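Just below is one structure, and these are the notes that go with it.
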Amino acid sequence: MIRITGLHKSFGNNHVLQGIDLTVHQGEVVVILGPSGSGKSTLLRCINYLETFEQGEIRIEGRPIGRTMVGGRSVEMPQKELNQIRQEVGMVFQSFNLFPHKTVIDNITMAPVTLRGLTHDEANRQALELLRKVGLEEKAYARPASLSGGQKQRVAIARALAMKPKVMLFDEPTSALDPETVGEVLQVMRTLAREGMTMVVVTHEMGFARDVADRVVVMDKGSIIEEGTPDKIFREPSHPRTQMFLHQVLKQDQDFR
Ligand code: ADP
Ligand code: MG
């Protein structure tokens with residue numbers, strides 16, 4: 001579903017992604033762990049080409065996104081083509097990014113109407129269904145400001161799903177939430193995973209990683225230093241920096257037992 005090969009990305013002199021290779025299969029849930037600044041967000045943002053990159057290639061179901069090789073050179077793809085392939089990749093951010101002046105349902109219907117060509121009726125029907133799925137049907141006509149963080153994040157998930165993406169990327173979706181609303185968001189994500197959605201999730205929720213991930217990928221300083229099943233990574237991490245990272249995170253994670 002996703003194939004990343006030889007991905008390099010720099011911000012000025014800061015070589016943030018130093019040759020990432022990663023394949024994610026259909027229906028797989030991959031959790032990315034790693035210390036702050038290791039390049040996790042940048043990697044996710046490259047996957048739907050919110051960030052450009054200098055070298056390497058990312059393919060979604062075989063189709064390159066953002067840049068493609070032409071005559072041995074990496075070139076930017078035309079905007080129209082980019083917009084199409086981008087629709088296959090939904091993204092949920094730490095900071096929700098809902099439109100504050102629109103109702104919940106308008107937040108969800110906007111992209112399907114403008115980009116997927118749904119009628120307002122179709123889009124509304126679909127949005128209500130998605131809101132039911134995330135447990136927020138009764139908030140359809142509320143403004144984002146009246147919602148809790150967990151509710152906002154569930155709306156953001158519904159909004160991403162409205163585009164019927166083949167892949168969902170989550171960048172620390174619960175990091176900005178009050179502890180009491182973290183669980184409701186993770187629950188929605190568990191349901192999605194169970195339904196077979198292909199997911200790449202950056203999170204420090206180790207309980208979620210252990211229970212839901214098919215594979216855990218550990219990043220450090222712009223590289224993947226280790227990957228394996230949650231069992232392998234949590235029980236017998238082979239890289240010293242993974243051990244150090246897990247030790248630090250697990251100290252703070254009361255839910256991980
Ligand atoms: P993580 O998500 O693992 O914390 P990031 O991908 O956010 O890491 O950041 C990796 C590195 O890239 C950091 O050194 C960060 O300062 C740098 N970086 C991220 N975004 C930008 C940006 N827009 N401009 C310049 N540097 C950036
Ligand atoms: Mg980040």
Side-chain angles (χ1 to χ4, degrees), residues 2 4-22 24 29-58 60 65-67 76 82 86 89-98 149-150 152-153 156-157 160 167-179 181-182 185-186 189 199-209 212-213 215-228 230 233-234 237 239-253 256:
I2 308 174
I4 302 171
T5 44
L7 186 68
H8 286 265
K9 159 82 186 166
S10 297
F11 291 108
N13 290 330
N14 190 1
H15 195 178
V16 173
L17 299 177
Q18 306 188 6
I20 300 286
D21 296 299
L22 181 65
V24 181
V29 177
V30 171
V31 165
I32 302 181
L33 301 179
S36 175
S38 55
K40 307 180 298 296
S41 294
T42 305
L43 176 59
L44 283 197
R45 291 168 60 81
C46 283
I47 296 177
N48 65 353
Y49 210 61
L50 290 175
E51 281 305 342
T52 178
F53 46 86
E54 293 89 45
Q55 249 190 77
E57 200 171 48
I58 301 178
I60 309 292
I65 183 162
R67 305 186 72 83
E76 187 121 353
L82 173 62
R86 227 181 218 158
V89 186
M91 181 141 177
V92 174
F93 304 87
Q94 188 176 324
S95 52
F96 326 123
N97 298 0
L98 298 176
K152 282 183 204 164
Q153 198 56 302
I157 293 172
V167 175
M168 284 283 283
L169 311 176
F170 294 86
D171 192 0
E172 302 202 28
T174 60
S175 295
L177 302 182
D178 293 330
T181 70
V182 167
V185 172
L186 293 179
M189 292 168 64
M199 294 164 58
V200 182
V201 184
V202 174
T203 185
H204 293 268
E205 293 291 332
M206 296 298 158
F208 177 86
V212 183
R215 190 149 47 100
V216 174
V217 167
V218 185
M219 286 184 70
D220 192 44
K221 300 184 180 129
S223 300
I224 291 174
I225 58 171
E226 179 161 5
E227 62 181 289
I233 299 292
F234 292 127
H239 201 294
R241 277 184 275 157
T242 306
Q243 292 166 10
M244 210 159 63
F245 172 76
L246 289 176
H247 183 72
Q248 277 164 4
V249 176
L250 293 178
K251 251 194 326 205
Q252 297 156 9
D253 192 340
F256 191 87

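Remember, it's 1-based here, ligands and their atoms both numbered in the order they're listed. Predicted, not measured: the structure shown is a model, and the values here were computed from it.
The structure places CD1 of Ile60 at 7.5 Å from CD1 of Ile4, a figure rounded to the nearest 0.5 Å. The structure places CE of Met219 at 9.0 Å from CG of Leu22, a figure rounded to the nearest 0.5 Å. We find the CD1-CD1 distance between Ile47 and Ile2 to be 5.0 Å, quoted to the nearest 0.5 Å.
Around the Mg ion (ligand 2), protein N, O or S atoms at less than 2.8 Å comprise Ser41 OG.
The shortest N or O to N or O distance between Lys40 and ligand 1 is under 3.5 Å. Taking distance alone, with nitrogen or oxygen atoms compared against 3.5 Å, Phe11 stays at or beyond that limit from ligand 1. Note: no N/O pair closer than 3.5 Å links Val16 and ligand 1 by distance alone.
In the model, Glu226 has a side-chain atom that pairs as donor or acceptor with a side-chain atom of Thr242 under 3.5 Å.
For Arg86, there are no salt bridge (charged side-chain N to carboxylate O under 4.0 Å, His left out) partners, not counting sequence neighbours.
Within the structure, the closest approach of Gly34 to ligand 1 does not fall below 4.0 Å when heavy atoms are considered.
Listed by atom number, the atoms of ligand 1 under 4.0 Å from Pro35 heavy atoms are 3 (O).
Among protein heavy atoms, atom 15 (C) of ligand 1 sits closest to Asn14 ND2, 4.4 Å. Considering only non-hydrogen protein atoms, atom 9 (O) of ligand 1 sits nearest to Thr42 OG1, 3.9 Å. Nearest non-hydrogen protein atom to atom 4 (O) of ligand 1 is Gly37 N, 2.7 Å. Atom 7 (O) of ligand 1 has Ser41 CB, 3.7 Å as its closest protein atom, hydrogens excluded (heavy atom only). Residue, atom and distance of the protein heavy atom nearest to atom 8 (O) of ligand 1 are Gly39 N, 3.2 Å.
Formation of a donor-acceptor pair under 3.5 Å by the His15 side chain with backbone atoms of Leu17 is found in this model.
Nearest heavy atoms, Thr5 versus Asp21: CA-OD1, 3.3 Å.
Ion pairing between Arg215 and Glu227 holds under the 4.0 Å rule for side-chain N and carboxylate O.
Each of Glu57, Glu76, Glu54 was evaluated against Arg67; a single residue qualifies, Glu76, per the side chain to side chain donor-acceptor pair (under 3.5 Å) test.
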